[in-house]
Amino acid sequence: MQIEIEKRFPLEFFTVDAVTLARRLLGALLVRRSAEGITAGMIVETEAYRGPDDRAAHSCSGRRTSRTEVMFGPGGRAYVYLIYGMYLLFNVVAAKEGQPEAVLIRALEPVLGLELMAGRRGLELTTDQNPPGDGERGPERLIRSLCNGPGRLTRALDITRQHYGIDLRGDELFLVPYKEFPEAAVATTPRINVDYAGEWKHMPWRFVVRDSPFLSTRRHL
DNA sequence: CCAATGATCTTC
DNA sequence: AAGATCATTGGA
């Protein structure tokens, strides 16, 4: 079966609050078209950030800076930022202009261009020396670790600061309808690593495909 | 468990 | 202009 990547989501798909969008994005395909080739993964883990109230959000208390500017724009654009001096994190902007909300993409199930993703991560798919686990015949373990973390997936897809503000209904970095999960297949948990956010750290705004082996962590499940 | 590493934000 | 912080990761 050929994978269809010509479709796009309508703008209205994105102009909802970040919690709604975080749930909706599970099963969407994130596609990166570059000179090297096409890479893509299905979204299996997300987190919602709702400014200006949410103390865990960069847009907390209406903080409008050159970094957070895109969060204040209309939904459907990319918010990319550097964390810990070495990792870029990718977010999908949610809601309408003036409402600074976004969804952090934390993990993907690799779908297209696995060889290329591995190369960008500094790994070799073909010469993987890791022993297969129970019931495995090939490099499943390595494939699971390709995009299972917010800093890893941006490297695997070569998402850079140049993608800051890009329209995710375009042709270089974009989202495509791919798979839909019923409520029973989805779990919510508190967000990862936002202990500084006071009462907001407890909000169940992380969404995961419950049985996916491609999650960044199984914490809280 | 802890260090890496640099842009951003706060405070002086 | 200096200092703290940080939506992470990989290696003891």
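Scope of the values below: all heavy atoms of this structure, side chains included, with no hydrogens, waters or symmetry mates. Every chain is numbered from 1 and lettered A, B, ... according to where its sequence line falls, protein lines coming before strand lines.
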To the nearest angstrom, the OH-C1' distance between A:Tyr87 and B:dA4 comes to 8 Å
Using a strict 4.0 Å threshold on nitrogen-to-oxygen distance, state whether A:Glu183 and A:Arg23 make a salt bridge.
yes
Need one value for A:Leu104: base, sugar-phosphate or nothing, where a base atom within 4.0 Å counts as base even if backbone is also close, heavy atoms only.
base
Using a 4.0 Å heavy-atom cut-off, does A:Arg67 contact any base of the nucleic acid, only the sugar-phosphate backbone, or nothing at all?
sugar-phosphate
Output the distance between atom NE2 (A:His58) and atom CZ (A:Arg67), rounded to the nearest 0.5 Å.
4.0 Å
Would you mind telling me which residue lines up with the more 5' stretch of DNA chain C, A:Asn91 or A:Arg152, judged by nearest nucleotide?
A:Asn91
Please determine, for B:dT5, whether a Watson-Crick or G-U wobble partner exists with both distances under 3.5 Å, and give it or none.
none
Do A:Arg206 and A:Thr189 get their side chains close enough for a donor-acceptor pair, meaning under 3.5 Å?
yes
Could you work out which one of C:dT8, B:dG6, C:dT9 sits closest to the side chain of A:Leu82?
B:dG6
Measuring from the side chain of A:Val194 (C-beta onward, heavy atoms only), which nucleotide among C:dT9, C:dA7, B:dA4 has the closest atom?
C:dA7
Using a cut-off of 4.0 Å on non-hydrogen atoms, how would the nucleic acid contact of A:Arg161 be classed: base, sugar-phosphate, or nothing?
sugar-phosphate
Please give, in whole Å, the distance from B:dT8 P to A:Leu89 CG?
14 Å
Whole-Å distance, A:Tyr196 OH to C:dA4 C1', equals 15 Å
Starting at atom CD1 of A:Ile83, determine the distance to atom P of B:dA3, rounded to an integer number of angstrom.
18 Å
Give, for atom CG of A:Leu108 and atom CZ of A:Phe90, the distance between the pair rounded to the nearest 0.5 Å.
9.0 Å
Do you reckon A:Leu88 sits in the same ILVMFWY cluster as A:Tyr81, going by side-chain contacts under 4.5 Å, direct or chained?
no
Quick one: look up who C:dA7 pairs with, Watson-Crick or G-U, both distances under 3.5 Å, and put none if it's unpaired.
none
Can you measure A:Leu123 atom CG to C:dT9 atom P for me and round it to whole angstrom units?
14 Å
Would you tell me if any nitrogen or oxygen in the side chain of A:Asn193 comes within less than 4.0 Å of OP1 or OP2 on C:dT8?
yes
What contact category does A:Ser66 fall into here, base, sugar-phosphate, or nothing, at under 4.0 angstrom with non-hydrogen atoms?
nothing
Ranking C:dT9, C:dA7, C:dG10 by distance to the side chain of A:Arg121, first place goes to C:dG10
Between B:dT5 and C:dA2, how far apart are the P atoms? Round to whole Å, please.
22 Å
Specify the residue among A:Arg63 and A:Met86 whose closest nucleotide of DNA chain B lies further upstream toward the 5′ end.
A:Met86
Could you check whether A:Arg144 pairs with A:Glu136 (Lys NZ or Arg NE/NH1/NH2 to Asp/Glu carboxylate O, under 4.0 Å)?
yes
Taken to the nearest whole Å, OH/A:Tyr84 to C1'/C:dA4 is 13 Å
Out of B:dC9, B:dT5, C:dG10, minimum distance to the side chain of A:Thr68 belongs to B:dC9
Please report the distance, rounded to the nearest Å, between NE2 in A:His220 and P in C:dA7.
15 Å
Between B:dC9 (P) and A:Glu69 (CD): distance, integer Å
11 Å
